[in-house]
Amino acid sequence: MLLQDTLTRTQKEIRPIDGKTYRFYCCGPTVYGPAHIGNFRTFVLQDVFRRTLETAGTPTLHVRNITDVDDKTIRDSLAANLSLKTFTNLWLEKFHHDCNALACLPPHIEPSAVEHIPQQISMIQKLIEKGHAYPSDDGSVYFKISSFPNYGKLSHLDERELDLGKTQNARANSDEYEKDSISDFVLWKNRRPEDGENFWPSPWGEGRPGWHLECSAMIAEYLGDSFDMHSGGIDLVFPHHENEIAQSQCACGGSFAHHWFHITHLLVDGGKMSKSLGNMYTLADLEAKGFTPMELRYTLIGAHYRKPLNFTLDSLSASREALLKIAKAAHKLATNIGSETTSLPSAEFGPFLPAWQALNDDLNTPATLGCIFTTLRETNKLQGNEAAAALAALNRILKALGITLPEITKETTEIPPEIQQIAETRWTARTNKDWATSDQLRDHLASLGWAVKDAKDTYELSKI
RNA sequence: GGCGGAGUCGCCAAGUGGUAAGGCAAUGGUUUGCAAAACCGUCAUUCGUGGGUUCGAUUCCCACCUCCGCCUCCA
């Protein structure tokens, strides 16, 4: 498959370096609160990427960290009067629940930052030894950007005019950590009162690791100095990923990530999602409004990953109908297969080849969905083996997208006897062409929360 | 200010130097006593504005307008 690479700004073929397993790292959540739909856009797209590779027959090694020690987790755990571990576990559990509901495959390795502090300390030591980092008087350690000429390649710093002077003044006025150059970033933070009991011993005194370092240390541990891909939200390009490159290449050598895959942020109602605007949705929020996780997933893959996705509640309703439409078409195919089908489901994409090609063309999920509907119209009349092949192909595509279809078989809900009684009475009236009574009873049923649909020789009751 | 992105039907959203996918909504028909459901159709001479290049541009170039994101923590 072809995929855009942030560093080179070109589309590159996705192929494992070692020719076997595609090994990639995703920046995971900071577990200090519920993940919102913006977070999940990133995780869902990464999941589609992985599923597409695996569908094509390439095994993957998916590593995604948990950031469970940083400013926010410490601040909020103290505010909640819980230990850091207890606090972050709470949100980690919630995160796993949401991921599962959204059909995101669990990463093969999910390292916790707080459990890799020794690795982080040894990486800092290596950086100091090689002259890429320096301790300050207060016991913090900084990365020396001037020691890494390649700094800024990913975010194309040379093309930007970073007003470092302005930033410097702002920092100088606050009693922030000391550093030689304003752009130097912290690797190890000295112990401070507001950290409570959350500090660890180090050669530079008690303190805790800097955020950027966590990922570098865990990557070195599980993927080594060179691996296939690094992925995350677009906001992480600078400075987070830039800093990771600097730390990792200086400490370990190697080429670090061969491909950078960044997912653009989603917008809500055309603007930024924020708590103050009240449009920061979590999965639980949407479920409370009656939507399903799958409807959210469908919505999240409804726009190309490099374009802003304008999320609205209406789009969730549209997704619901669209999913239903696919489900009905799939059901029709299944019905059309009949009993005389002899061919085994093939591994080919058959009539759904255009959909598969779109997916492999820079992960164009919206085009893929479009192709599915177009093809579905043509497969509508297929029978027997052809229907079987089409259905198998459709299922392969849906699996790559991580989409599961809603049940369209009639749910056998319990019908209360009194409701059944009214319906019977109405049916009798209807059979006698007593339309007035029939319609009146239909309205009555509706007011009781039941819809009645007439067929030729029978009727159907369903809850509204 | 710098960097990056976006402006395509009421909404969401692909795409392309050769005459605009798809979904939702809407709407017509078949069906129905009427509905609902289902099925079959219809639905952008037009792609922010103004120029330019071209046989031809929505697609390339220039200018402008509007919007969004980043440059501090952020998926």
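What you see is a predicted model, and the numbers here were worked out from it, not measured in a lab. Worth knowing before you read on, the calculation uses all heavy atoms, side chains too, and leaves out hydrogens, waters and symmetry mates. Chain letters run A, B, ... following the sequence lines, proteins first, then strands; residues in each count from 1.
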> So what does A:His240 touch, heavy atoms closer than 4.0 Å: a base, only the sugar-phosphate, or nothing?
Replying inline: nothing

> What is the distance from CZ of A:Phe185 to C1' of B:rU72, rounded to the nearest Å?
Replying inline: 15 Å

>> Tell me whether the NZ or CZ atom of A:Arg50 lies within the 45° cone about the ring axis of A:Phe24 and under 6.0 Å from its centre.
In response: no

> Rounded to the nearest Å, what distance is computed from the CZ atom of residue A:Arg426 to the C1' atom of nucleotide B:rU32?
Replying inline: 12 Å

>> Students often get this wrong, so: under 4.0 angstrom with heavy atoms, is A:Thr30 touching a base, only sugar-phosphate, or nothing?
In response: sugar-phosphate

>> Using a heavy-atom cut-off of 4.0 Å across all strands, would you classify A:Arg75 as base, sugar-phosphate, or nothing?
In response: nothing

> If only atom types and distance count, is the side chain of A:Thr88 paired as donor or acceptor with the main-chain N or O of A:Val31 below 3.5 Å?
Replying inline: no

> Could you give the CG-to-P distance, from A:Asp235 to B:rC70, as a whole number of Å?
Replying inline: 8 Å

> Is there a donor on the side chain of A:Arg442 or the base of B:rC34 sitting less than 3.5 Å from an acceptor on the other?
Replying inline: yes

> Centroid-to-centroid, A:Tyr25 to A:Tyr222, below 6.0 Å?
Replying inline: no

>> Counting only side-chain heavy atoms from C-beta out, which of B:rA37, B:rA14, B:rC40 sits nearest to A:Asn380?
In response: B:rC40

> Starting at the 5' end of RNA chain B, which residue's closest nucleotide do you reach first, A:Gly28 or A:Ala318?
Replying inline: A:Ala318

> Ring stacking, A:Trp435 with base of B:rG33, under 5.5 Å and under 30°?
Replying inline: yes

> With a 4.0 Å cut-off on heavy atoms, is A:Asn310 in touch with a base, just the backbone sugar-phosphate, or nothing at all?
Replying inline: sugar-phosphate

> Partner of B:rC3 by Watson-Crick or G-U wobble geometry, both contacts under 3.5 Å, or none?
Replying inline: B:rG69

>> Could you identify the nucleotide paired to B:rU59, looking across every strand shown and requiring Watson-Crick or G-U wobble geometry with both distances under 3.5 Å?
In response: none

>> Of the options B:rA75, B:rA38, B:rG33, whose atoms approach the side-chain atoms of A:Leu266 most closely?
In response: B:rA75

> Base, sugar-phosphate alone, or nothing: which one does A:Gly38 contact when heavy atoms must sit under 4.0 Å apart?
Replying inline: base

> How are the rings of A:Phe256 and A:Trp260 set to each other: parallel, tilted or perpendicular (split at 30° and 60°)?
Replying inline: tilted

> How is A:Val452 classified with respect to the nucleic acid when contacts are heavy atoms under 4.0 Å: base, sugar-phosphate, or nothing?
Replying inline: base

> What interatomic distance, in whole Å, is found between P of B:rG15 and the corresponding atom of B:rC9?
Replying inline: 16 Å

> For the ring pair A:Phe49 and A:Tyr22, is the centre-to-centre distance below 6.0 Å?
Replying inline: yes

>> Given B:rA14, B:rA37, B:rA75, identify the nucleotide with an atom nearest to the side chain of A:Lys328.
In response: B:rA37

>> Just the rounded figure in Å: distance from P of B:rC12 to CG of A:Leu313.
In response: 13 Å

> Looking at A:Phe43, does the NZ or CZ of A:Arg64 lie under 6.0 angstrom from its six-membered ring centre and within 45 degrees of the ring axis?
Replying inline: yes

>> Give me the distance, rounded to whole Å, that separates B:rC3 from B:rA63 when you measure between the P atoms they each carry.
In response: 13 Å

> Which nucleotide in the list B:rC34, B:rA14, B:rA25 gets nearest to the side chain of A:Arg430?
Replying inline: B:rC34

>> Atom CD of residue position A:Glu93 - does it have more than 12 heavy atoms of other residues, nucleotides or ligands inside 6.0 Å?
In response: no

> Any side-chain N or O of A:Lys272 under 4.0 Å from OP1/OP2 of B:rC67?
Replying inline: no

> Expressed in whole Å, how much space separates the C1' atoms belonging to B:rG41 and B:rG48?
Replying inline: 33 Å

>> When you measure only distances, ignoring hydrogens and angles, does the side chain of A:Arg306 come within 3.5 Å of the base of B:rG5 through a donor and an acceptor?
In response: no

> For A:Leu445 and B:rC34, what is the distance between atoms CG and P respectively, to the nearest whole Å?
Replying inline: 20 Å

> Contact class for A:Arg320 (heavy atom, under 4.0 Å): base, sugar-phosphate, or nothing?
Replying inline: nothing

>> How many whole angstroms separate atom NZ of A:Lys332 from atom C1' of B:rC40?
In response: 11 Å

> So, is A:Lys453 near the phosphate of B:rU32, with a side-chain N or O under 4.0 Å from OP1 or OP2?
Replying inline: no

> Looking only at atom P, what distance separates B:rU27 and B:rC64, rounded to whole Å?
Replying inline: 44 Å

> Paired with B:rA44 by Watson-Crick or G-U wobble geometry, both distances under 3.5 Å: which nucleotide is it?
Replying inline: none

>> Reading RNA chain B from 5' onward, which residue's closest nucleotide shows up sooner: A:Thr374 or A:Lys433?
In response: A:Thr374

>> Applying a 4.0 Å non-hydrogen cut-off, can you work out what A:Asp439 is touching in the nucleic acid: base, sugar-phosphate, or nothing?
In response: base

> When you compare B:rG50 with B:rA14, how far apart are their C1' atoms, in angstrom units rounded to a whole number?
Replying inline: 27 Å

> How far, in whole Å, is B:rU49 from B:rU58 if one measures between their C1' atoms?
Replying inline: 14 Å

> Has the side chain of A:Thr375 got a donor or acceptor atom that lies under 3.5 Å from a matching backbone atom of A:Ile372?
Replying inline: no

> Expressed as a whole number of Å, how far does the P atom of B:rA75 sit from that of B:rC61?
Replying inline: 35 Å

> Should the heavy atoms of other residues, nucleotides or ligands under 6.0 Å from NZ of A:Lys12 be counted, would the total exceed 12?
Replying inline: yes

> Is there a Watson-Crick or G-U wobble partner for B:rG10 with both distances under 3.5 Å, and which nucleotide is it?
Replying inline: B:rC24

>> I need the CG-P distance between A:Asp443 and B:rG33, as an integer number of Å.
In response: 18 Å

> How is A:Gly370 classified with respect to the nucleic acid when contacts are heavy atoms under 4.0 Å: base, sugar-phosphate, or nothing?
Replying inline: base

> Taking the same atom, C1', in B:rU46 and in B:rA37, what whole-Å distance lies between them?
Replying inline: 36 Å

> Rounded to the Å, how far apart are A:Leu267 CG and B:rA13 C1'?
Replying inline: 14 Å

> Across all strands shown, which nucleotide pairs with B:rA37 by Watson-Crick or G-U wobble geometry, both distances under 3.5 Å?
Replying inline: none

> For A:His265 and B:rA75, is the gap between ring centres under 5.5 Å while the planes differ by less than 30°?
Replying inline: yes

> With a non-hydrogen cut-off below 4.0 angstrom, is A:Met273 in contact with a base, only sugar-phosphate, or nothing?
Replying inline: base

> Looking for any heavy atom pair under 4.0 Å, which part of the strands does A:Ile263 touch: base, sugar-phosphate only, or nothing?
Replying inline: nothing

